[in-house]
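One structure below.
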Amino acid sequence: MTDFPIDENAPRILIVEDEPKLGQLLIDYMRAASYAPTLITHGDQVLPYVRQTPPNLILLDLMLPGTDGLTLCREIRRFSEVPIVMVTAKIEEIDRLLGLEIGADDYICKPYSPREVVARVKTILRRCKRQQEPIPVGEESPLIIDEGRFQASWRDKLLDLTPAEFRLLKTLSHEPGKVFSREMLLNHLYDDYRVVTDRTIDSHIKNLRRKLEALDEEQSFIRAVYGVGYRWEADACRMA
């Protein structure tokens with residue numbers, strides 16, 4: 001484990017990468033962007049470090065000696081909401097879905113551009129800072145749901161949603177912070193009581209999240225809670 005301090009007030013970025021050249025490359029780019037990086041090369045060292053020195057963001061490689069990245073992500077989510085960006089050479093869809101279910105905030109696939117990594121880090125940290133800022137008194141919610149027209153908009157931009165996505169958005173955003181299980185969400189999804197699996201929820205959530213983030217990439221909307229379900233993290237909605 002190697003620390004590379006710059007400024008005591010600089011955002012702390014934990015880089016978990018066992019390939020020395022890639023690790024050093026990320027360190028150089030993070031330092032150039034005025035972040036304070038720490039490099040860990042073995043999975044077994046990650047949890048003790050995160051508990052003792054909480055970082056502002058983690059770049060977490062999937063394949064590591066010792067404890068692997070997916071296991072680490074699961075364990076970190078048990079005690080921390082720190083943003084986690086999974087770095088992986090495995091691009092199969094099942095790996096992406098699994099990462100979302102265990103609470104990863106973003107993905108970067110190898111080979112990657114270090115500039116892209118820095119850009120992703122900046123975006124996520126801006127998003128986190130924005131979420132921590134209080135909403136001015138009297139400010140209207142940026143999310144408006146019009147049940148009569150079966151429409152929803154974010155910051156006056158209309159969302160192109162399917163009926164299932166609209167119902168999910170309405171259910172989640174109506175009670176921000178509440179964790180809904182897949183079974184609870186299924187009960188709000190269809191009116192005809194069709195037989196579907198709970199993985200249907202994952203597919204709809206993925207599409208809904210993609211459409212929302214296309215309108216506002218700096219806002220975190222829906223968080224997967226490991227072993228439980230999903231919760232809405234953005235501002236509460238207003239019914240039209």
Side-chain angles (χ1 to χ4, degrees), residues 57-58 60 69-86 88 92-107 120 123-124 127-128 130-132 135 141-145 147 150-155 157 159-191 193-239:
L57 183 142
I58 301 174
L60 181 59
L70 290 180
T71 300
L72 287 170
C73 190
R74 289 191 189 97
E75 292 301 316
I76 291 170
R77 278 291 168 259
R78 294 182 188 277
F79 65 88
S80 174
E81 291 294 318
V82 60
I84 299 175
V85 179
M86 301 295 292
T88 176
E92 293 83 357
E93 188 65 14
I94 186 63
D95 291 321
R96 292 174 179 266
L97 287 174
L98 182 57
L100 284 175
E101 289 176 8
I102 63 175
D105 294 89
D106 202 354
Y107 293 89
R120 298 276 191 96
T123 296
I124 293 173
R127 178 191 301 168
C128 293
R130 181 174 168 181
Q131 289 175 345
Q132 294 169 359
I135 300 174
S141 168
L143 175 65
I144 300 175
I145 291 181
E147 293 188 82
F150 227 65
Q151 291 180 342
S153 62
W154 176 261
R155 300 192 186 281
K157 297 177 182 177
L159 285 156
D160 182 17
L161 304 178
T162 65
E165 292 163 0
F166 179 86
R167 292 189 179 100
L168 282 175
L169 177 62
K170 175 187 170 184
T171 300
L172 288 165
S173 63
H174 186 64
E175 298 186 74
K178 177 179 177 179
V179 180
F180 289 84
S181 68
R182 290 180 176 86
E183 182 178 358
M184 292 168 65
L185 292 173
L186 278 174
N187 290 335
H188 291 86
L189 198 56
Y190 299 111
D191 295 328
Y193 302 101
R194 70 186 69 178
V195 178
V196 294
T197 67
D198 59 2
R199 292 301 175 186
T200 302
I201 292 294
D202 296 334
S203 178
H204 287 310
I205 289 290
K206 176 185 175 184
N207 292 332
L208 176 58
R209 182 191 278 128
R210 174 177 53 80
K211 291 178 180 180
L212 287 163
E213 292 181 352
L215 298 183
D216 191 345
E217 65 177 13
E218 294 185 8
Q219 175 71 57
S220 177
F221 292 94
I222 302 171
R223 163 80 67 163
V225 181
Y226 172 61
V228 184
Y230 297 96
R231 72 166 179 257
W232 180 260
E233 292 200 331
D235 301 323
C237 72
R238 176 167 64 89
M239 296 295 180

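Nothing here was measured: the structure is a model prediction, and the numbers come from that model. In what follows, residues are counted from 1 in the order of the sequence shown. Quick note: numbers below take in every heavy atom, side chains included, and nothing from hydrogens, waters or symmetry partners.
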- Query: How close do Lys178 and Arg231 get, heavy atom to heavy atom, and via which atoms?
  - Reply: O-CB, 3.2 Å
- Hey, are the side chains of Leu172 and Ile205 touching, using non-hydrogen atoms and a 4.5 Å cut-off? yes
- Query: What's the spacing between Leu161 CG and Lys170 NZ if we round to 0.5 Å?
  - Reply: 13.5 Å
- Message: Contact between Met86 and Leu70 at the side-chain level, heavy atoms closer than 4.5 Å - yes or no?
- Response: yes
- Message: I need the Leu208 CG to Ile222 CD1 distance, nearest 0.5 Å.
- Response: 4.0 Å
- For the atom pair CH2 (Trp232) and NE2 (His174), what is the distance rounded to the nearest 0.5 Å? 13.5 Å
- Message: To the closest 0.5 Å, what do you measure between CD (Glu81) and CD (Glu233)?
- Response: 6.5 Å
- Hey, does Phe221 have a side-chain heavy atom less than 4.5 Å from the side chain of Glu213? yes
- Distance col, row Arg209:CZ vs Arg223:CZ, nearest 0.5 angstrom, shows 9.0 Å
- Task: Can you measure from OG (Ser80) to CD (Glu75) and round to the nearest 0.5 angstrom?
- Result: 12.5 Å
- Query: Got Thr162 and Asn207 here, is their nearest side-chain heavy-atom distance under 4.5 Å?
  - Reply: no
- Mind listing the closest non-hydrogen atom pair of Leu60 and Gly69 along with its distance? CD2-O, 3.4 Å
- Message: Under a 3.5 Å distance rule, please check whether Ser173 uses its side chain to pair with a backbone N or O of Leu169 as donor and acceptor.
- Response: yes
- For the student: nearest non-hydrogen atoms of Gly229 and Val179, plus distance: N-CG1, 4.2 Å
- Item | Min side-chain heavy-atom separation Arg182-Asp202 under 4.5 Å | yes
- Query: Does a side-chain heavy-atom distance below 4.5 Å link Asp106 with Thr123?
  - Reply: no
- Message: Which residues pass the side chain to side chain contact (heavy atoms under 4.5 Å, CB included) test with Lys157, not counting sequence neighbours?
- Response: Leu215
- The residue among Val228, Leu168, Thr171 that forms side-chain contact (heavy atoms from CB on, under 4.5 Å) with Phe180 is Thr171
- Below 4.5 Å, heavy atoms only, C-beta onward: do Ile145 and Phe166 meet side chain to side chain? yes
